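Owing to the predicted nature of the structure, the values given are computational and were not obtained by experimental measurement. Just the heavy atoms: all of them, side chains too, but no hydrogens, waters or symmetry mates, feed the values below. Protein chains get the first letters and strands the later ones, always in sequence-line order, with residue 1 at the start of each.
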Amino acid sequence: MKEYVALIDCNNFYASCERVFNPTLKSKPMVVLSNNDGCVIARSNEAKNLGIQMGEPFFKCKSIIESEDVKVFSSNYTLYADMSNRVMSIIKDFFPNTEIYSIDEAFVSIKTSNEALLMRNIQNLKKLILKWTGLPVSIGISTTKTLAKVANGIAKKGLGLSIIDDGDQSRELILKKVKVDEVWGIGKRLGKTLRAHGIVNAFQLSNLDHRWIRKKTNVSVLRTVMELLGVPCIQFEQIPLSKKQIITSRAFRKGISDFNLLEEAISTYISRASQKLRTQNSVCSTITVALSTNRFNGRIPHKFLFHTKSLQPSTNFTPTLIKAGIKILKEIFEERIAYKKGYVFLSGIENSISRQYTFEDNLDLLAREERLMRVLDRINNHYGSDTLKYANTGTSRGWLMRRPKKSKNFTTNWNELLTISI
DNA sequence: TCTGGGGTCCTAGGACCC
DNA sequence: TCTGGGGTCCTAGGACCC
């Protein structure tokens, strides 16, 4: 029996999701933008070929987008999340030992002595994902996660499936072609440091002296190096770990100086964050609220104002968190400043079962709070996310982000089903 | 005019303990 | 004149990922 790791990655995920429901976009350059249509966060291959960069601000590439007739979409996370769930459930049907790594990627761990069968299964999986969801995926196979990532990168450039065998001499040839900062875990900064020492490709990285790596960098890089050598060092996490920190932050449509509007926005972010907290059965002991001004506006000094409060006992009760958060907001708020972004951080997270109480805590009241949140979540899950909301979160919501070019929620809303006229 | 959002891990250094 | 040694915990900041 040999153990393999495969990385299954959806190609240009957000852009591909839009294409599924709009076939006229096939072979056309297209991009998906971040919230408030700020930056490019997904590109079709045709858009990549036009030189549009990942993360590029929209206004900077607007001229090329217009001149080349690039189709533009605001992000539609409801759609992408639903499409992701579909892909992941197909993968899990094939390979139960699956780690969902991100919205568009999954690692699978496979023990087999029949390599030919494995390859057939993988190819079938790829075909079925395309057939059942309309989404193209690339698959890289090797013996460690890092090598599977390398293989996936090659698959993306070629036929969508690639294998790096640790016994294969071609591993050397392949790793020599991979730039050092394209290796998973080596970013810009480390890449620069490594290049300064003459290490430019993944093969050179894999041959470095371990003591030198430890001295010059950190233990994460050493793990990466071991993985390139075929020694698994990065754990396979089949059961998703619960979050240690929950963040809800959004840029506002435009700068806000009005306290009441900020209160609405922050209350809304807190209800989102506490709902995330409850879905993983956790409570938190710390809340931080922050406001910042536009960091790209060179004419005014950039401000990032924040305070933190401790909560005793730890909680996931939205009203308690809103109360604490608004108190913080009052402390940090300064008049006559246009705030561009609001943040809520929940930390000190633990499982609600292990939560600690004091003798003063009213356990009956806490139990009632818990029941209330259960009912609230159930109603919102069933009838839509804002069916029941807190008055603090406001009704006008003039600060809400802009998504003017958003496609419909084709798969999650009966009123927005795709219609085809013949 | 216009620049996303949400996470994790590691390390160094300070505070503190006996 | 000369001021130990060994350890833990916490936090901020940096680096990385998608």
Side-chain angles (χ1 to χ4, degrees), chain A residues 7 9-10 12-14 31-42 53-63 65-66 72-77 80-81 84 99-107 145-146 149 152-153 180-194 213-224 233-235 237 240-255 269 272-273 276-277 280 285-286 288 290 292-299 302 304 306 308 310 338 340-349 401-405:
Chain A
L7 174 65
D9 188 322
C10 300
N12 313 329
F13 183 55
Y14 299 166
V31 297
V32 179
L33 303 177
S34 62
N35 290 337
N36 287 311
D37 286 355
C39 298
V40 172
I41 53 169
Q53 298 298 311
M54 180 68 176
E56 197 174 1
F58 179 46
F59 70 91
K60 283 192 182 165
C61 48
K62 210 169 178 174
S63 59
I65 282 177
E66 279 166 6
V72 177
F73 289 84
S74 304
S75 41
N76 182 349
Y77 291 106
Y80 311 149
S84 170
E99 172 189 339
I100 298 174
Y101 177 67
S102 74
I103 193 164
D104 68 336
E105 278 171 90
F107 286 106
K145 283 182 165 181
T146 306
K149 273 269 181 189
N152 192 279
V180 70
D181 43 12
E182 284 172 6
V183 175
W184 189 46
I186 307 295
K188 248 187 189 163
R189 300 300 286 264
L190 282 169
K192 201 174 157 191
T193 310
L194 290 167
I213 298 167
R214 206 57 195 86
K215 214 168 87 192
K216 294 284 178 190
T217 65
N218 58 48
V219 72
S220 310
V221 178
L222 184 55
R223 281 190 200 120
T224 299
C233 291
I234 301 174
Q235 275 220 329
E237 312 279 3
L241 302 171
S242 51
K243 307 257 179 288
K244 297 171 179 169
Q245 179 178 237
I246 288 173
I247 305 173
T248 299
S249 69
R250 297 263 183 293
F252 309 128
R253 181 176 295 220
K254 52 184 180 184
Y269 297 178
R272 295 263 156 81
K276 287 188 215 165
L277 194 58
Q280 62 168 37
S285 64
T286 306
T288 301
S292 73
T293 57
N294 185 350
R295 68 195 161 111
F296 297 103
N297 186 342
R299 293 189 306 277
H302 179 229
F304 185 87
F306 69 99
T308 299
S310 298
K340 188 67 177 89
K341 191 170 173 181
Y343 312 71
V344 170
F345 305 85
L346 303 181
S347 47
I349 291 177
M401 60 195 174
R402 288 174 57 249
R403 288 191 294 183
K405 300 181 180 92

Quiz item: Is any side-chain nitrogen or oxygen of A/Arg250 closer than 4.0 Å to OP1 or OP2 of B/dG6?
Solution: yes

Quiz item: Phosphate oxygens OP1/OP2 of B/dC2: is one of them under 4.0 Å from a side-chain N or O of A/Arg402?
Solution: no

Quiz item: What does A/Leu33 touch in the nucleic acid at a heavy-atom separation under 4.0 angstrom: a base, only the sugar-phosphate, or nothing?
Solution: nothing

Exercise. Using a 4.0 Å heavy-atom cut-off across all strands, classify A/Asp104 as base, sugar-phosphate, or nothing.
Key: sugar-phosphate

Self-check item: OP1 or OP2 of B/dG5 under 4.0 Å from side-chain N/O of A/Lys341
Solution: yes

Exercise. Quick one: label A/Leu241 by what it contacts on the DNA or RNA (base, sugar-phosphate, nothing), any heavy atom closer than 4.0 Å.
Key: nothing

Practice problem: Report which part of the nucleic acid A/Arg299 touches: base, sugar-phosphate, or nothing (heavy-atom distance under 4.0 Å, all strands). | Solution: nothing

Quiz item: For A/Tyr14 and A/Ser75, what are the C-alpha separation, side-chain angles and deciding distance, and is it a side-chain hydrogen bond (donor to acceptor under 3.5 Å, both in side chains)?
Solution: CA-CA 8 Å; A/Tyr14 299 166; A/Ser75 41; over 6 Å; no

Quiz item: How is A/Val183 classified with respect to the nucleic acid when contacts are heavy atoms under 4.0 Å: base, sugar-phosphate, or nothing?
Solution: sugar-phosphate

Exercise. Round to a whole Å and report the spacing from CG of A/Asn297 to C1' of B/dT3.
Key: 12 Å

Practice problem: Measure from CD1 on A/Ile41 to P on B/dG5 and round the result to the nearest Å. | Solution: 10 Å

Quiz prompt | Nearest-nucleotide pick for A/Arg214, side chain only, options being B/dG5, B/dC2, B/dT11 | solution = B/dT11

Quiz prompt | Atom pair distance, as rounded to whole Å: CZ in A/Phe345 and P in B/dG7 | solution = 11 Å

Quiz item: NA contact type, A/Ile103, heavy-atom cut-off 4.0 Å: base, sugar-phosphate, or nothing?
Solution: nothing

Quiz item: With a 4.0 Å cut-off on heavy atoms, is A/Phe58 in touch with a base, just the backbone sugar-phosphate, or nothing at all?
Solution: nothing

Exercise. For A/Arg223 and B/dC10, give me the distance from atom CZ to atom C1', rounded to whole Å.
Key: 9 Å

Quiz item: Does the side chain of A/Arg402 reach to within under 4.5 Å of the side chain of A/Asn36, using non-hydrogen atoms?
Solution: yes

Practice problem: Output the single nucleotide from C/dA15, B/dT8, B/dG4 whose closest atom is nearest the side chain of A/Gln245. | Solution: B/dT8

Self-check item: Test ring-ring contact (aromatic ring centres under 6.0 Å, His included) applied to A/Tyr343 and A/Tyr269, A/Phe304, A/Phe306, the passing residue
Solution: A/Phe304

Quiz prompt | Minimum heavy-atom distance A/Ser74-A/Arg403, with the two atoms named | solution = OG-C, 3.3 Å

Exercise. Could you state the atom-to-atom distance from CD of A/Glu56 to C1' of B/dC2 in whole Å?
Key: 13 Å

Quiz prompt | 5' priority, DNA chain B, between A/Phe296 and A/Ile247 [closest heavy atom] | solution = A/Phe296

Quiz item: Given that A/Arg253 and A/Ser242 both sit by DNA chain B, which one's nearest nucleotide is further toward the 5' end?
Solution: A/Arg253

Practice problem: Ignoring backbone atoms, establish whether A/Arg295 has a side-chain N or O less than 4.0 Å from OP1 or OP2 of B/dG4. | Solution: yes

Quiz item: When you check the phosphate oxygens OP1 and OP2 of B/dC9, does a side-chain N or O of A/Lys244 lie under 4.0 Å from one of them?
Solution: yes

Quiz prompt | Residue from A/Asn218, A/Leu222, A/Val219 passing side chain to side chain contact (heavy atoms under 4.5 Å, CB included) with A/Ile213 | solution = A/Leu222

Quiz item: How would you label the contact of A/Lys62 with the nucleic acid (heavy atoms, under 4.0 Å): base, sugar-phosphate, or nothing?
Solution: nothing

Exercise. Using atom NZ of A/Lys188 as one end and atom C1' of C/dG14 as the other, report the distance to the nearest whole Å.
Key: 15 Å

Quiz item: Rounded to the nearest Å, what distance is computed from the NZ atom of residue A/Lys60 to the P atom of nucleotide B/dT3?
Solution: 11 Å

Quiz item: Is there side-chain contact between A/Thr193 and A/Lys216, with at least one heavy-atom pair below 4.5 Å?
Solution: no

Quiz prompt | Spacing between A/Lys149 atom NZ and C/dC17 atom P, to the nearest angstrom | solution = 9 Å

Quiz item: Across all strands shown, which nucleotide pairs with B/dC18 by Watson-Crick or G-U wobble geometry, both distances under 3.5 Å?
Solution: C/dG5

Practice problem: Please determine if a side-chain N or O atom of A/Thr248 lies less than 4.0 Å away from the OP1 or OP2 oxygen of B/dG5. | Solution: no

Quiz item: Taking the side chain of A/Asn218 as heavy atoms from C-beta outward, which of C/dC16, B/dC10, B/dG7 is closest to it?
Solution: B/dC10

